[in-house]
Amino acid sequence: MSAKHEPNILASTQQLVKEAARRLGFSEAMAELLEEPMRVLKVRLPVKMDDGSVAIFTGYRAQHNDAVGPTKGGVRFHPDVTEEEVKALSIWMSLKCGIVDLPYGGGKGGIVCDPRRMSSGELERLSRGYVRAISQIVGPTKDIPAPDVMTNSQIMAWMMDEYSRIREFDAPGFITGKPLVLGGSRGRETATAQGVVLMIREAVRCLDMPLEGAKVIVQGFGNAGSYLAKFMNEAGALVVGISDEHGALYDPQGLNVGELLDRRDSFGSVTRLFPNTITNAELLEKPCDILVPAAVAGQITERNAANIRAKAVVEAANGPTTMEATRILADRGVLIVPDVLASAGGVVVSYFEWVQNNQGYYWDEDEVSRKLEQKMKASFERVYGISRQRNVDMRTAAYMAGVRRLAEAIKYRGWI
Ligand code: NAD
């Protein structure tokens, strides 16, 4: 997930954005505007720790572009968070929102910290301090945060409470991914995985193969990966591999997903409990029909792309495949459903949560699922259509769909 592990995700994102703008015939000025966030705030956060000491944390909030609407995107807590990574992720959020047709631009936040080594009290003080530090630039009609890597509904609840205290009114629409009782949406927790399932269904349809019996490998067993493994198992696919940061499990006959789900901890770790693990790198090269990277960035590179034996790579994680690897996979005829499309289920249901907060009327789970399915299927069709029409890979096509929407809004506003 981190820029430290990744051959410059910001530079490659910028290159793809510029290429998409050029293919669509937009001006140099448009490409120049879109290649950077319009605003990045860096904050220093003093937090009283349980042992009486004070630790100083660094946080960021990047807002890519608000021509279409308020910016929107998660806040991640991770030791490897960098300004570059947060900037790249905010651009991805703009693209994602454009691709799935939401009235938002992209934003992203991050704090350099390790929540696995912090108590609940320390995390609460850090979360509240972050909201105080960024409160001037965020809000229900400005920039709406959400959960991301190692943040959850409890952290969203603390952040919402802090924002409501500052503004002196209840502001559920300030943040999404909240607990149900505080205005969360039904289906939000599983939304990213549900969206990935829908994209896998579209992918197998394009490949003309049944989902039932399809062999699936899922890298990462956290929020996105574990629900995905569960849903794939329920849909009759064969989950032959899963992994976490400690290693990977592979069984060509299919893994016992139920047992793995029962035994995983809240940070998505389970493989340590089992003997005969293999490495993450080995898992990626095992034979399967669908490979789903659902962990961190920079996993499929020019070093291993030629050895990937999947028919489709459906990216639940942000930035798991480098540009060179995308080219190698596309040349080999591997169908790529890119991150900016495949992992958009989370932000779609975040949008539904915000809509429900704004109208004060809440939908049942069926309604959420039905609307999610409509959005995701229509978005796949749109991107697949561009890819066919323009004879480009699905990632380039998705970037074109996202850039077009932003650029049109910018032109109508008269900025360029
Ligand atoms: P998470 O923190 O819940 O889980 C991450 C999983 O990846 C854990 O199982 C962890 O052990 C594993 N992992 C960490 N480092 C690893 C490594 N080096 N190699 C292999 N596995 C490793 O995170 P999540 O919410 O499931 O997100 C996973 C990915 O999906 C991220 O790239 C995130 O940006 C993306 N994503 C998540 C959502 C969402 O709603 N959760 C939405 C969009 C995109």
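Only a predicted model underlies this, so the values are computations on that prediction, with no experimental measurement involved. We count ligands from 1, going down the list as the structure has it; atoms in each ligand are counted the same way. FYI, side chains are in, hydrogens and waters are out, and symmetry mates aren't considered; it's all heavy atoms of this structure.
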Worksheet entry | Test: Asp66 and Lys142 ion pair at under 4.0 Å | no
Does Gly346 have a non-hydrogen atom less than 4.0 Å from ligand 1? no
Yes or no: does Arg264 have any heavy atom under 4.0 Å from an atom of ligand 1? no
Under 4.0 Å between heavy atoms, the region of Asp244 that gets near ligand 1 turns out to be both
A student comparing Thr192, Asp80, Thr151 should find that the heavy atom closest to atom 39 (C) of ligand 1 comes from Thr192
The atoms of ligand 1 lying under 4.0 Å from a heavy atom of Gly268, numbered in the order shown, are 8 (C), 9 (O), 11 (O)
* Asked: Looking just at side-chain N and O atoms, do Arg388 and Tyr384 make a donor-acceptor pair shorter than 3.5 Å?
  -> yes
The atoms of ligand 1 lying under 4.0 Å from a heavy atom of Arg76, numbered in the order shown, are 34 (O)
Near Asn280 (heavy-atom distance under 4.0 Å), the atoms of ligand 1 are 19 (N), 20 (C)
Name every donor-acceptor pair, under 3.5 Å, that has one atom in a side chain of residues 230-238 and the other anywhere in the protein, sequence neighbours excluded.
{"from": "Lys230", "atom 1": "NZ", "to": "Glu234", "atom 2": "OE2", "distance (Å)": "3.1"}

When Ile144, Asp143, Val138 are each screened for side-chain contact (heavy atoms from CB on, under 4.5 Å) with Pro70, the one that passes is Ile144
What do you reckon, does Val149 have a nitrogen or oxygen under 3.5 Å from a nitrogen or oxygen of ligand 1?
no
Hits for side-chain hydrogen bond (donor to acceptor under 3.5 Å, both in side chains) against Tyr163, two or more places apart or cross-chain, chain-then-number order -> Arg167
Next on the checklist: If only side-chain N and O atoms count, and only distance matters, is there a donor-acceptor pair under 3.5 Å linking Ser350 with Arg188?
Outcome noted: yes
Would you say Glu245 has any N or O atom under 3.5 Å from an N or O of ligand 1, going by distance alone? yes
Judged by heavy atoms only, the candidate from Gly220, Gly177, Gly345, Ala224 nearest atom 24 (P) of ligand 1 is Ala224
Within the 4.0 Å heavy-atom cut-off, what Ala294 brings close to ligand 1 is backbone
- Task: Examine the side chains of Arg264 and Ser269 and answer whether a donor and an acceptor come within less than 3.5 Å of each other.
- Result: no
At under 4.0 Å between heavy atoms, what of Ala316 touches ligand 1? The answer is backbone
With heavy atoms and a 4.0 Å threshold, my read on which part of Val296 contacts ligand 1 is side chain
Practice task
Answer with yes or no whether the side chains of Glu36 and Gln14 bring together a donor and an acceptor at under 3.5 Å.
Solution key: yes
Note: heavy atom closest to atom 43 (C) of ligand 1, options Ser269, Gly195, Ser343, belongs to Ser343
Quiz item: So, Glu381 and Lys377, do they make that salt bridge, N to O below 4.0 Å?
Solution: no
